[in-house]
Amino acid sequence: MSALNETHDPGLRSWVESANDGRTDFPIQNLPLAIFRRKGSSEAWRGGVAIGDQVVDVAAAVQAGFFGGDALAAAQAAAEPTLNHLMSMGPKAASSLRKALSQALQAGSSRQAALQPCLVPQAEAEYSLPCRIGDYTDFYTSVHHATNIGKQFRPDNPLLPNYKWVPIGYHGRSSSIGVSGQAFHRPRGQVKPPDADAPSLKPSARLDIELEMGVLIGQPNALGAPIGIDDAESHVFGLVLFNDWSARDIQPWEYQPLGPFLSKNFASTVSPWVVTMEALAPFRVPFTRPADDPQPLPYLASSAHSAAGGLDIELEALIETPRMRAAGSPPARFTHTNYRHAYWSAAQMVAHHTVNGCNLQPGDLLGTGTLSGPTLDQACALIELTTGGKNPIALPNGETRTWLEDGDTIILRGWCERPGAARIGFGECRGTVLAARDA
Ligand code: MN
């Protein structure tokens, strides 16, 4: 796990004034990475680092000869059109880039004049996926989500007996994962209501969100070489926000016996900024379970993991309906939770995924699963918030929603704050539902 160092000092201020207001997601203590270019341009995609409302154009800084020493190789890798190469280099590389930028961006730095020409306003930037996502696996790490969903199918026995022993997951599909701003057509699929004799093909009428975090893998493991729990986070490059859009009417008909398929792979959205595990170091929390629960098998447990394996990350989801957009009203928050409520940690996901020898590669994405908290107002999918579509949620402008309607935009946000640390955030993960294509 990353240790605290001088880059986390809450007293640090930047000569980029917008980084110092205490409300920005991107103070000098964060320094997340994305792949960007100027909006509407045909410039090459390249890596950037967020500071306040600006992007440090890492490629431009490399070109200008700004970097030297340990940070140079990392900066050259970060200047490529995807972050995969940087991710593959392991946490020390990203850490040396972070340290160099932290020093250069500090108020009073003698390097301000050299770096200033390499800033691009975020308002003028557009983003690509941060990396080439080779494989995508989605987990099911919230026991509250698993219980809420289980209750709808099996009221007497909501949680299956394997849940507290094995981190449940399935292999998803990466080709349809897009970056924030993604708009996708409502999927069609086979739907069979319980009272129908036969299924029919129609646009999903039960389109839903899943508020998750995405764990992006950094350095790989060799095929056949499991990653131990205490080494697991050295294979994690960082975290993003992740919306695993789901079609709840396609899902129940197709999922047995092999799991989710077309109900999940029509679109999934990630936020552009990758917050590194090092940036998250001030927000570690203990990771334990109730004493009367089975304790994890030894390969999923350690004292270091129990002491600080969790992360205190506030998460929320907002909706902007077409009517809100037309009225100029702000989006409405409809749920709020925290990543610390997860039953299985990112390190446990990595240790479990590789225990059979499976190899993870730089840029692989592990979804946490829907991160619902302990109470129903902390549920992170409409299927829970509306109890399977029975109780619509009320929005502040008088509208209601059971499932998503055409034109709805969903916005995920995440941030960390605690006394004695600078507040950092993840930016936004935004996606919009378009009408189904004509059949
Ligand atoms: Mn999911």
Side-chain angles (χ1 to χ4, degrees), residues 133 135-153 158-160 162-163 166-180 182 184 187 189 204 206-217 239-256 258-271 313 315-317 334-335 337-339 341-346 348-350 352-353 364-373 378-386 388 403-404 410-412 414 426 429-431 433:
I133 299 169
D135 278 306
Y136 155 49
T137 305
D138 202 23
F139 283 83
Y140 200 49
T141 67
S142 162
V143 69
H144 310 294
H145 174 69
T147 305
N148 292 340
I149 296 289
K151 263 184 203 153
Q152 295 187 18
F153 294 98
L159 204 61
L160 292 169
N162 57 359
Y163 187 85
V166 57
I168 301 294
Y170 71 95
H171 283 123
R173 186 167 180 84
S174 54
S175 65
S176 50
I177 299 174
V179 74
S180 183
Q182 184 176 29
F184 63 90
S204 171
R206 295 181 158 228
L207 194 55
D208 199 354
I209 74 148
E210 292 193 337
L211 192 180
E212 308 192 11
M213 301 223 66
V215 175
L216 287 169
I217 297 299
L239 302 186
V240 289
L241 304 168
F242 183 56
N243 188 345
D244 180 23
W245 308 90
S246 298
R248 302 298 185 196
D249 40 3
I250 299 173
Q251 191 174 350
W253 174 235
E254 73 169 7
Y255 90 105
Q256 289 175 316
L258 290 185
F261 182 31
L262 302 179
S263 56
K264 298 281 191 171
N265 69 4
F266 53 90
S268 321
T269 313
V270 297
S271 54
I313 303 174
L315 297 164
E316 66 177 8
F334 61 93
T335 191
T337 185
N338 191 297
Y339 185 37
H341 299 310
Y343 196 80
W344 297 101
S345 70
Q348 288 172 324
M349 285 157 59
V350 168
H352 183 65
H353 205 312
D364 282 358
L365 174 69
L366 311 186
T368 57
T370 309
L371 287 172
S372 301
Q378 298 167 314
C380 290
L382 291 172
I383 191 172
E384 295 165 73
L385 291 165
T386 68
W403 308 103
L404 298 175
I410 295 292
I411 301 153
L412 309 183
F426 285 77
C429 175
R430 183 181 278 264
V433 180

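Both counts, for ligands and for their atoms, begin at 1 and track the order of listing.
For Tyr163, the OH atom counts as densely surrounded, since its 6.0 Å shell holds more than 12 non-hydrogen atoms of other residues, nucleotides or ligands.
At least one side-chain heavy atom of Arg248 sits under 4.5 Å from a side-chain heavy atom of Trp403. Side chains of Phe261 and Gln251 form no contact here, defined as non-hydrogen atoms less than 4.5 Å apart.
One finds an angle of 100° at the Mn ion (ligand 1) between OD2 on Asp138 and OE2 on Glu212, to the nearest 10 degrees.
Among the heteroatoms counted here (N, O or S) of Asp244, OD2 is the one nearest to the Mn ion (ligand 1). The minimum distance between the Mn ion (ligand 1) and any N, O or S atom of Glu210 involves atom OE1.
Between Phe266 and Phe184, the gap from one ring centroid to the other is short of 6.0 Å.
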